[in-house]
Structures are given as C-alpha cells and as structure tokens.
**Q** 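Mind having a look at this structure? Questions to follow.
Positions are given from 1, in the same order as the sequence printed here.
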Amino acid sequence: MVYDKARELAAAMAESEEYVTFKNAKEKAFANDTTKALLKEYAQLRIRAQGAIVSGKKDDEAIERIQKIGEVLQLNPDASAYLLAEYRLNTMLGDVYKILADGVDLDLGISED
C-alpha cells in the first residue's frame with residue numbers, strides 16, 4: 001500500500017507545475033549545445049564544491065569557475081529559466097521529503113526547532 005501511494009505521489013509530481021516547467025525549460029536550454037555544455041559543467045562543479053565542503057575542504061578553483069559560469073548563464077534567458085525551474089523543483093522535492101520524514105517522526109537534523 002505504501003508503494004502504491006508513492007507511485008501515486010510520483011505521478012502527481014510528474015504532472016506538477018514545477019516539474020512540467022522544469023522539463024520544458026531543460027528541453028529548451030539543452031537544445032543549444034553551448035548552453036548544454038555550460039549547464040553540465042556548472043552542475044558538475046557544484047557537486048565537486050559541495051563534496052569538498054562536506055569533506056572539510058574548500059575548492060577555491062571550483063567556486064571561482066562556478067561564479068564565472070553562473071555569470072554567463074544568467075545572461076542567457078533559457079539557461080536562467082532552466083536554473084530557476086531546477087531550483088523550484090528541488091525545493092518542492094525537499095518539501096515533500098520533509099513532509100514524509102515528519103510523518104514518521106524522523107529527525108533529519110533540519111528541523112526549525
């Protein structure tokens with residue numbers, strides 16, 4: 001029964017405004033090879049920088065490159081629309097995960113109390 005509800009939730013999320021907007025924005029942004037390459041590099045660098053932070057190190061090279069690519073991407077309407085849509089989708093996913101965790105009284109260490 002829980003898995004059936006999870007599948008229902010997944011279907012509802014696939015029809016959500018956040019996901020549909022993300023999917024359309026991604027399709028449009030990734031249609032341009034240069035934009036696609038910059039967005040992929042940007043995502044990889046973010047993961048690299050986050051990994052460094054988690055391991056207690058700071059990757060100044062990655063952070064500087066992220067900032068430079070971010071500036072370029074902000075000037076591209078398709079890329080900035082994609083990044084905004086990605087942020088909104090991730091926010092929704094995080095909210096849903098928090099609701100689920102709260103529903104089973106799971107402390108994720110992100111409580112506001």
**Q** Does Tyr82 share a hydrophobic cluster with Leu93, counting links as ILVMFWY side-chain heavy atoms below 4.5 Å and allowing steps through other members?
**A**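 Result: yes, single cluster for both.
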**Q** Per the side-chain contact (heavy atoms from CB on, under 4.5 Å) rule, which among Gln44, Lys40, Arg46 passes with Tyr42?
**A**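 That would be Arg46; it is the only one of Gln44, Lys40, Arg46 passing the side-chain contact (heavy atoms from CB on, under 4.5 Å) with Tyr42.
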**Q** Rounded to the nearest 0.5 Å, what separation is found between the CG atom of Leu73 and the CD atom of Glu71?
**A**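 Atom-to-atom, Leu73:CG and Glu71:CD are 10.0 Å apart.
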**Q** With the threshold set at 4.0 Å, does a side-chain nitrogen-carboxylate oxygen contact exist between Lys68 and Glu64?
**A**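 Yes, charged N to carboxylate O under 4.0 Å.
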**Q** Using side-chain heavy atoms (C-beta onward) and a distance below 4.5 Å, is Leu83 in contact with Leu39?
**A**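 With C-beta onward as the side chain, the pair touches.
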**Q** Rounded to the nearest 0.5 Å, what separates atom NZ in Lys98 from atom CG in Asp95?
**A**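 Spacing of NZ (Lys98) from CG (Asp95) equals 9.0 Å.
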**Q** How close do Ala25 and Ala85 get, counting heavy atoms only, and between which atoms?
**A**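 In this case the closest contact between Ala25 and Ala85 is CB-CB, 4.1 Å.
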**Q** Who are the side-chain hydrogen bond (donor to acceptor under 3.5 Å, both in side chains) partners of Glu18, not counting sequence neighbours?
**A**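 With neighbours one apart ignored, the set is empty.
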**Q** For the residue pair Ala49 and Ile63, what are the closest heavy atoms and their distance?
**A**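 Looking at all heavy atoms of both residues, the closest pair is CB-CG1, 4.4 Å.
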**Q** With rounding to the nearest 0.5 angstrom, report the CG to CG distance, Asn32 to Asn76.
**A**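 So the CG of Asn32 and the CG of Asn76 are separated by 7.0 Å.
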**Q** How far apart are the closest heavy atoms of Ala62 and Asp59, and which atoms are they?
**A**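 In this case the closest contact between Ala62 and Asp59 is N-OD1, 3.0 Å.
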**Q** Roughly how far apart are Glu61 CD and Leu45 CG, rounded to 0.5 Å?
**A**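 Answer for the CD-CG pair, Glu61 versus Leu45, is 8.5 Å.
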**Q** Applying the 4.5 Å side-chain criterion to the ILVMFWY set and letting contacts propagate, would Leu84 and Phe22 be lumped into a single cluster?
**A**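 No, Leu84 does not connect to Phe22 through the hydrophobic network.
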**Q** More than 12 heavy atoms of other residues, nucleotides or ligands under 6.0 Å from CD of Glu41: yes or no?
**A**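 For Glu41, atom CD is crowded (more than 12 foreign heavy atoms under 6.0 Å).
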**Q** Do other residues, nucleotides or ligands put more than 12 heavy atoms under 6.0 Å from Phe30 CZ?
**A**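 Atom CZ in Phe30 is packed in, count exceeds 12.
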**Q** More than 12 heavy atoms of other residues, nucleotides or ligands under 6.0 Å from CZ of Arg88: yes or no?
**A**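 Not buried by this count: 12 neighbours or fewer within 6.0 Å.
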**Q** Group every Ile, Leu, Val, Met, Phe, Trp and Tyr by side-chain heavy-atom contacts under 4.5 Å, then state whether Val96 and Val20 land in the same group.
**A**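 No, Val96 does not connect to Val20 through the hydrophobic network.
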**Q** Enumerate donor-acceptor pairs with a distance under 3.5 Å from any side-chain N or O in residues 4-13 to protein atoms, sequence neighbours excluded.
**A**
unit_1	atom_1	unit_2	atom_2	d
Arg7	NH1	Tyr3	O	3.2

**Q** Could you go through Asn90 and Glu86, starting from their C-alpha distance and side-chain angles, then the distance that decides it, and tell me whether this counts as side chain to side chain contact (heavy atoms under 4.5 Å, CB included)?
**A** CA-CA 6 Å; Asn90 283 329; Glu86 179 186 48; 3.6 Å; yes
